[in-house]
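The first residue of the sequence shown is numbered 1, and numbering continues consecutively from there. Quantities reported herein were computed from a predicted structural model and do not represent experimental measurements.
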Amino acid sequence: MKKILFIIDELELKYFEFNRLVTNFWLIKCLLDRGFEVYITIKGLLYLEGNLPFAKVYKSISKDNNIFKDENIQSICLNEFNTIFMRPDPPVDIDYINATYILDYVNKDTLILNSPKALRDFNEKLYINKFPKLAPQNIVSANKNIIKEFLFKEEEIIIKPLNRCFSSGVFYLNKDDKNINAIIDTATNNGKTQVMVQKFLKGILKGDKRLIFIGGEIFNFAVRKVATNNDFKFNEHVKENLIRGDLTEDEKLIEKEISKTLLEDGVYIAGLDVIDGKIIEINITSPCFFINEINSIYKINFENIITDKILNVMENAQKELIARV
């Protein structure tokens, strides 16, 4: 029987019988229902013994249409797993980076989604600049004068921290704002911290769209995340703010533009946030796939569709390994 490990967020481990808003719930349940052995752990439970990677893990159980964990913790060498999902939430801090170093010691016949090297090398905000035709105008800087010059040129901008998620620390700024210096100082930690500064895309007023990328394919099922409570951005996971987001013809072409590069980089699973046909972010750490909402909107069982694709990725990886041997 194939063994699979999910490295999840600390909060998800604490409340493992978590709700159906969480992508990991659906992936784990679907794999369990298909007969896989699925274990869970967190970054802090990974460790090395010499050059052998281990983790303290809990076995997952599917019962009564829910998932649970066996409270008996056990140590397993990571080389025993066929596939490891690295899915803790940002920030991508030193603890996160250290976890990827441990994963570097896992045998090459274990597939890691996404590759630890990719998680270190490609920042979720900066990654869009690998695809300049698909990215909005942007700069990355900690310098107030450089940011202000960009602001006065574009007139409206978005400032984002590079290593956070769920819209945390994101600011909107226009050239007539009376707090320009204060906002830039706050965002950049008084000029010490690099930030992503993007041209404001007016399509955000209708919400940004989450495109789901797995194994080279972007699915036709998507949600649009609309702003919450008079804000300009989505920052609350509630049903009213997640609506149907059918792909446009331009968005369908994104797959052809990015797939080869992402797969070559070791990125097999991603969530692309798109506004006005531009990719504003490529989520590669723990992308949310809004499975519960997609099931409700499209009247499908999306968890089965994406699990089929993930199993195809695993199978292809095994074939490539055999071919190399």
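In summary, D273 and R210 engage in a salt bridge, as defined by a charged side-chain N under 4.0 Å from a carboxylate O. Between K69 and E71 there is a salt bridge, with a side-chain nitrogen of the basic residue lying less than 4.0 Å from a carboxylate oxygen of the acidic one. One finds a salt bridge joining K125 and E281 here, because a Lys/Arg side-chain nitrogen approaches an Asp/Glu carboxylate oxygen to under 4.0 Å. Between D93 and K43 there is no salt bridge, since no side-chain nitrogen of the basic residue lies less than 4.0 Å from a carboxylate oxygen of the acidic one.
Residues L173 and I184 are in side-chain contact: their nearest non-hydrogen atoms beyond the backbone lie under 4.5 Å apart. Contact of the L119 side chain with the V92 side chain is not registered, since no non-hydrogen atoms from C-beta on lie closer than 4.5 Å. In this structure, V140 and M196 have side chains that are in contact, with non-hydrogen atoms separated by less than 4.5 Å. Residues F54 and I76 form no side-chain contact, since every pair of their non-hydrogen atoms from C-beta on lies 4.5 Å or further apart. Under the 4.5 Å side-chain criterion, counting only non-hydrogen atoms from C-beta, T193 is not in contact with P161. Counting heavy atoms from C-beta outward, L134 and I128 have side chains that stay 4.5 Å or more apart. Side-chain contact between I159 and V170: absent, with no pair of heavy atoms (C-beta onward) separated by less than 4.5 Å.
A side-chain N or O of K29 and one of N65 form a donor-acceptor pair less than 3.5 Å apart. A donor atom on one side chain and an acceptor atom on the other are not found under 3.5 Å apart for N66 and D64. Judged purely by distance below 3.5 Å, without hydrogens or angles, the side chains of Y96 and N163 never pair a donor atom with an acceptor atom.
The backbone N or O of N179 lies less than 3.5 Å from a partner atom in the side chain of D177, making a donor-acceptor pair. Using a distance-only test at 3.5 Å, with no hydrogens or angles considered, a donor-acceptor pair links the side chain of D276 to the main chain of G203. In this structure a side-chain-to-backbone donor-acceptor pair under 3.5 Å is present from T100 to I97. A donor-acceptor pair is defined here as one N or O able to donate and one able to accept, closer than 3.5 Å; such a pair exists between the side chain of E255 and the backbone of I218. With hydrogens and angles disregarded, a donor-acceptor distance shorter than 3.5 Å links the side chain of N138 to the backbone of P136. For the pair N174 (side chain) and D176 (backbone), a donor-acceptor distance under 3.5 Å is present. The backbone N or O of L162 sits less than 3.5 Å from a side-chain atom of N123, completing a donor-acceptor pair. With hydrogens and angles ignored, the 3.5 Å screen pairs no side-chain donor or acceptor of Q74 with any backbone N or O of V57. Judged purely by atom type and a 3.5 angstrom limit, D89 has no side-chain atom pairing as donor or acceptor with the backbone of D9. Listed for the Y298 side chain is a donor-acceptor partner under 3.5 Å among the backbone atoms of A222.
In summary, of the residues considered (T23, N114, T285), a side chain to side chain contact (heavy atoms under 4.5 Å, CB included) with R87 occurs for T23 alone. With K209 as the partner, the side chain to side chain contact (heavy atoms under 4.5 Å, CB included) test is satisfied by one option alone out of L272, V223, T248: T248. Residue K144 forms a side chain to side chain contact (heavy atoms under 4.5 Å, CB included) with just one option from D185, T188, I180, N190, and that option is D185.
Between F302 and F221, the gap from one ring centroid to the other is short of 6.0 Å. Aromatic rings of F289 and F219 (six-membered ring for Trp) have centroids beyond the 6.0 Å cut-off, not under it.
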Checklist line | Stepwise side chain to side chain donor-acceptor pair (under 3.5 Å) test for K148 and N181 | finding: CA-CA 9 Å; K148 288 169 70 173; N181 291 325; 3.1 Å; yes
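Looking at every heavy atom in both residues, N145 comes nearest to N143 through N-OD1, 2.9 Å.
With sequence neighbours excluded, the residues satisfying side chain to side chain contact (heavy atoms under 4.5 Å, CB included) with R34 are C30, F36, N304, T307, D308, L311. Checked against ring pair (Phe, Tyr, Trp, His ring centres under 6.0 Å), F6 has the following partners two or more places apart in sequence or in another chain: F85. By the side chain to side chain contact (heavy atoms under 4.5 Å, CB included) test, E149 is found to be paired with no residue, residues two or more places apart in sequence or in another chain being considered.
Atom OH in Y58 sits 10.0 Å away from atom CD1 in I8 (nearest 0.5 Å). Distance check: L13 CG to I7 CD1 gives 12.0 Å after rounding to the nearest 0.5 Å.
In this structure, K63 places its NZ atom where only 12 or fewer heavy-atom neighbours from other residues, nucleotides or ligands lie under 6.0 Å away. Other residues, nucleotides and ligands place no more than 12 heavy atoms under 6.0 Å from the CD atom of Q137.
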